[in-house]
Each structure stands twice: as C-alpha cells, then as structure tokens.
A.B. asks: 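First the structure, which I've put down as structure tokens, then a few questions once you've had a look.
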Amino acid sequence: MTKPLLKVSDATVRFGGLTAVDHVSFEVNEGELLGLIGPNGAGKTTALRAVTGVVQLSSGSVELDGQRIDHLSIDRRIRKGLSLSQQLVKPLRDMTLLENVVLAAGYNKTASPLKALVNVDDAAERKIAQAMLDKVGIGPLANQKPAIQPLGILKRLELARALALQPKLFLLDEPLAGLNSKEARDLASTIVELNKSGMTIVLIEHNLGEVIRVCQRLVVLDNGRKIADGEPRGVMNNSEVRAAYLGGDVVAEKGGVHASY
Amino acid sequence: MGYEITLLTTMGISILFALSLNLITGFCGQISLGHAAFLGIGAYASALSTKAGAPFFLAVLFAMAFAGIIGVVVGLASLRVRADFLAITTMGVGFLFVGIVRQQDALGGELGISGIPDTGLSRPAFMVLTLILAAIAAALSIYIKRAWMGRVFAGIAEDEDTMRVLGIDAPSYKLAAFAIGTALAGVAGALYAHHLKFIGPESFGFVESITVLSMVVVGGIGSVAGVAIAAALLSVLPAWFQIIGDYKLLVYGGLLFLMMRFAPGGLAGIFASAMQSRNRTTNRGKP
Ligand SMILES: Nc1ncnc2c1ncn2[C@@H]1O[C@H](COP(=O)(O)OP(=O)(O)OP(=O)(O)O)[C@@H](O)[C@H]1O
Ligand SMILES: [Mg+2]
C-alpha cells in the first residue's frame, strides 16, 4: 500500500464572491506523478497555491506526510519538503540565472538569519545550481541575467530553481507552456526521470498529449470543482471531462483519446 | 588642526549612521523615514548613562543595545505588514520620538541635554575611534553582503513573495536587518552626543531622517563604498555652505528626489556605467 504524501481535504478558496476552489479533495501518493488538469480558470493554480500557502483556505485542510500544514506560513511549508514551480515566472532580475538557483540550493544555509550570517561559502550550492540548470537544458546560460531571456528559458529557470530545493513533493504549474514541441517533450522526459528517481510530482499542464503520456493518474477540475480522478484514459473518456473541454479543440493525440465532437 | 579633527569626526559619525540605514534600506529594501530617531535613542541613552557616571565605552554598548531593542520592537510591529508600511511606521516613530523627548523634563525637554561628560579621550583619539567604528561598520556591511544573508537580503529587496516560495522566512530577515541597522545607528548616536557634548530633540527629527536617506540614495542603494563617500561629502556640506544648513530639507529632499528620478543607481551606479563604457571603448581600441 502506498500512503498519501499529500492529502487535500474538502478545500475551498474564495476570492470575494468567487469560489475558485470548491470543496476539493484529492490525494497524492508517495512516488506518484499526478496530473492536475482542467480548462482555463478551473482553479488548478489556486489549488496548488492553497497547498503552498500563497493563498489561504477558506475551509478544509492540507496534510503533508500525515501532518496538518495549512496553518503554517509559506516558507515553513516549503521547508517541510514542498516546492512550487510557478505558472507566472518570477526570476530575481538583479541576479544571474545561476545565482537564482544558488539561492534556492542554499536552503540549509538560509534557514534562519543567524545561519545566513555565519555562512559565506557557496561552492557546493553553485555546483548543485549548475547541475540543475544543466538538467533542464539551460546550463550554458548560467551567467546571463534573466531580463533578456525568452519565456521558454525563464520557465526552465523557474523549474531548476524549484528543483534546487530538493523537495519531497514537487508542484509544477505549467512548466511546458512557452516551450516548442521538442523542448516540451524533452522537459516532460526530464520530469518523468525525476519521478522515476523517487520524487513525488503534481503536474498542472494544458499540453494534454504530454500529460497523458507521462502521468499515472489525473485529477480534473472544472469551475473549482473536482469532476474526475483516476487513470488517464478512463478520465479522458469521462463525458463530464469532455464537456468541460467544450469545443473539442483539445485533442489528446498521444493516448488516442479525442475530445472533439 | 582642530577644525580638521572636528570635520573628520563628523564625517565618521555620518558614515556610520548612513551605513546603518544602508543595511535596512540598501541591502534589504525596507525604506525607513525615521531613522534619525534611532540616532537620537542612542544619543540620549548614552548621554544619560555617562551623566549618571557610567564609563563612555559602556554607554556606547548600552546605546547600541537600547536602540537595537527599540528597533526590534518597532520592526515586530510593522515588518509583518507590507513593505511600504515600514516607511509610514518609522516616520511615525520619528515624530513620536521627538514628541516624547520634548515633553519629558527627565530628557531635558526642549532644552535638550548639555554638559555631556568628557569621554576621557583626547579629540584626536575620539576622531580615530569614530573612524575605526565607521570602518568596522563598513567591514561588517561588506561581510554581510558576501555572506548568505546578503544574498537573501537582495532577494527580499527585489521580490519578497518569490523569496517566501523559496522557503525564506522574509519577516525574520527584515527584522534582522532592522535590528542590526538600528543598533549601529545607536552607536552613531552615542558618538554624536559625546562629540558635540550637547543634544536636543531637533537634531533627530524628520529632516535628519531625510538627510541620511539622501546619503544612502545618492551613494547608490546597497553600495557600501558609494554610501560611505556620499555620507562623507554630504555631511560636511552644511559646514561649508551656510545656505545648505538653512534649507536642509529642501536641499536633501530635492537631492533625494533628483537621484531617484534620474540616477536610481546613485554614485555607485554612475561610476559603474562610466567604467563599463570606458572598458567598451578600450576593448574596441584593441586589435
Ligand atoms: N488572486 C486572485 N484574486 C481573485 N481572483 C483570482 C485570483 N487568483 C485566481 N482568481 C480567479 O480564480 C479562478 C481560478 O483561477 P486559477 O488561476 O486557479 O485557474 P487555473 O485553473 O490555474 O487556470 P489557467 O489554466 O488559466 O492557469 C479564476 O476565475 C481566476 O480569475
Ligand atoms: Mg493556472
């Protein structure tokens, strides 16, 4: 039996009158690569943000490894083993790509101001950071500033930086957006490798072809509600899921699942 | 000779004071509009101590601790809120400080405290002490910048929300910057009081807070050398040009505005881009 690493129970997030996440429950098992999908505005990003604490739950709970984490601050949750690669990339623009990742890789040395004051050496973190940049395919750009980079590079920087936190549970919000199909395929393979090496991953992605190719299970949100949860093919054949992707322009070629009407 | 000694002592105190704000505003990006209050807290704490018979060195330590502790209290109350809230709170603290001191007879009220005891150091020795303490503050700043703390400060200055998602306890770091910065301001205050032998509430008001902020901005937010140079230059201007002393708020406030508008990198930024374009021309000249 695999035990759930993350357990979201009856989670609700409201923004004023809008219910972005509506009584959603799902679990992520240890070692799993879970796809979190749904149309634009379904509440996927908000659901992950509620897990990391960027937004507050109106009700419900989040457990990591059997411990409630929803009352903790963002940084405390991150230090429990979460990492979020954000949909909207936020590189620190005054630093090089490498320095951005170094900052994340030094999480042990930045655990408190006192530790950060007495630690100067960063050789080990630079090595890790370079390895992370290499892993996502932007190693040669290490010493460039983010300001002049195209979105595809910044998306991978965001991923490398989040990865440098060496999380137990890796939350990826549309890492493939902005990449061309070859880059997307390569990065999807990198994500699979990470998963194979033991990392538990939640992947939000609109590129359904890649999602079906790499994910072991899908959770589908629509209008803030969970409408399906299960093995990819079954989920993609679900009529409610098809209806959610109304218009049928989303075709999952890879799995042979066609949502077109 | 006596004139030069006074001048250098004044410069040293200003450098120390400006570097203390640079840690908060320059390194960590937290704007304080009431930093002079902490100079004042240090000045009053040390003056009252030496007047009560405490040795000068102990009074300096007390000033440092006391200013730092008040700094932490103010920080705890305001740093958990958004960044711009600190500017408002510290401005309030600045006015509060002056208001309280004016009302308290024990603190000398409007008249201030005069007859602050001799430190036991000769004037040149006091100058050397001041310059050494300014140098220590500069060395500490450079060390912090190189340490992991400096990296985290720079990240917080740029984007606090992103730092939190990277696992950084941003409020604690901001509090640390504020504690170190206010404690150093306390030291500068102790030196100030024992240099002039007289202090009054108007020396630590809004104008002084703007003056020190303009030193940090003119020097180049975060640049240790730039801020030290700017502090040294700007601190002696009022002594050389009477008119500046008369219109301090206008001059320093105007300078602050002009730098932010036209050269946000300050002297350090101007210097860096000058070096860059010079290198470019030299490189072009090479075969
Ligand atoms: N900070 C916010 N304040 C107000 N409303 C918000 C906020 N963040 C998201 N929303 C709203 O909540 C709903 C869900 O948004 P969310 O970003 O979670 O969707 P999503 O599934 O990630 O969509 P996409 O696929 O486009 O990224 C949307 O209607 C959005 O406009
Ligand atoms: Mg989203």
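Residue numbers start from 1 in every chain, and the chains themselves are labelled A, B, ... in the order their sequence lines are given, proteins ahead of strands.
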A.B. asks: Under a 4.5 Å heavy-atom cut-off, does chain B meet the side chain of A/Ser83, its backbone, both or neither?
C.D. replies: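 Answer is neither: A/Ser83 stays 4.5 Å or more from chain B.
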
A.B. asks: Against chain B, work out which of A/Val54, A/Asn119, A/Asp75, A/Thr110 has the most heavy-atom pairs shorter than 4.5 Å and name it.
C.D. replies: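 Looking at each option in turn, the highest pair count goes to A/Asp75.
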
A.B. asks: With a 4.5 Å heavy-atom cut-off (strictly below), which parts of residues 140-176 of chain A touch chain B? List them by number.
C.D. replies: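 A/Arg161, A/Leu165 fall under the 4.5 Å cut-off.
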
A.B. asks: From A/Asp122 CG over to B/Arg151 CZ, what is the distance, rounded to the nearest 0.5 angstrom?
C.D. replies: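 Rounded to the nearest 0.5 Å, the CG-CZ separation comes to 4.5 Å.
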
A.B. asks: Looking only at heavy atoms and a cut-off of under 4.5 Å, which of A/Leu82, A/Val118, A/Asp94 has the most pairs with chain B?
C.D. replies: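 Of the candidates given, the most pairs with chain B belong to A/Asp94.
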
A.B. asks: So which of A/Gly106, A/Ala104, A/Gly53, A/Ala111 has the biggest tally of heavy-atom pairs under 4.5 Å with chain B?
C.D. replies: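 Max contact count across the listed options: A/Gly106.
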
A.B. asks: Find the distance between CE (B/Met149) and CG (A/Leu114) and round it off to the nearest 0.5 Å.
C.D. replies: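 The distance works out to 7.5 Å.
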
A.B. asks: Between A/Thr52 and chain B, with a heavy-atom cut-off of 4.5 Å, which part of the residue counts as in contact: side chain, backbone, both or neither?
C.D. replies: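 Neither part.
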
A.B. asks: Using a cut-off of under 4.5 Å for heavy-atom pairs, which of A/Leu92, A/Ile74, A/Val102, A/Leu84 has the most such pairs with chain B?
C.D. replies: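 If we count pairs closer than 4.5 Å to chain B, A/Leu92 comes out on top.
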
A.B. asks: Which heavy-atom pair separates A/Ala116 from B/Ala147 by the least distance, and what is that distance?
C.D. replies: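 Looking at all heavy atoms of both residues, the shortest contact is O-CB, 3.6 Å.
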
A.B. asks: Relative to chain A, which segment of B/Tyr143 carries a heavy atom at a distance below 4.5 Å: side chain, backbone, both, or neither?
C.D. replies: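 The answer is the side chain of B/Tyr143.
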
A.B. asks: So which bits of residues 162-172 of chain B come within less than 4.5 Å of chain A, counting non-hydrogen atoms only?
C.D. replies: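 Checking residues 162-172 of chain B against chain A gives B/Thr162, B/Met163, B/Arg164, B/Val165, B/Leu166, B/Gly167, B/Ile168, B/Asp169, B/Ser172.
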
A.B. asks: If you take all heavy atoms of A/Pro91 and B/Glu158, which pair is closest and at what distance?
C.D. replies: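 Residues A/Pro91 and B/Glu158, closest heavy atoms: O-OE2, 4.0 Å.
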
A.B. asks: Tell me, side chain or backbone of A/Arg93 under 4.5 Å from chain B's heavy atoms, or both, or neither?
C.D. replies: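 Both backbone and side chain of A/Arg93 come within 4.5 Å of chain B.
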
A.B. asks: Does A/Asp121 offer a backbone N or O that forms a donor-acceptor pair with the side chain of B/Trp148 under 3.5 Å?
C.D. replies: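 Pair found, side chain donor or acceptor close to backbone of A/Asp121.
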
A.B. asks: Determine whether more than 12 heavy atoms belonging to other residues, nucleotides or ligands lie under 6.0 Å from atom NZ of A/Lys90.
C.D. replies: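 Enclosed: over 12 neighbouring heavy atoms sit under 6.0 Å from NZ of A/Lys90.
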
A.B. asks: For atom CZ of B/Phe97, is the number of surrounding heavy atoms from other residues, nucleotides or ligands below 6.0 Å larger than 12?
C.D. replies: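 For B/Phe97, atom CZ is crowded (more than 12 foreign heavy atoms under 6.0 Å).
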
A.B. asks: For A/Arg76, does the CZ atom sit with more than 12 other heavy atoms under 6.0 Å from it, leaving out its own atoms?
C.D. replies: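 No.
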
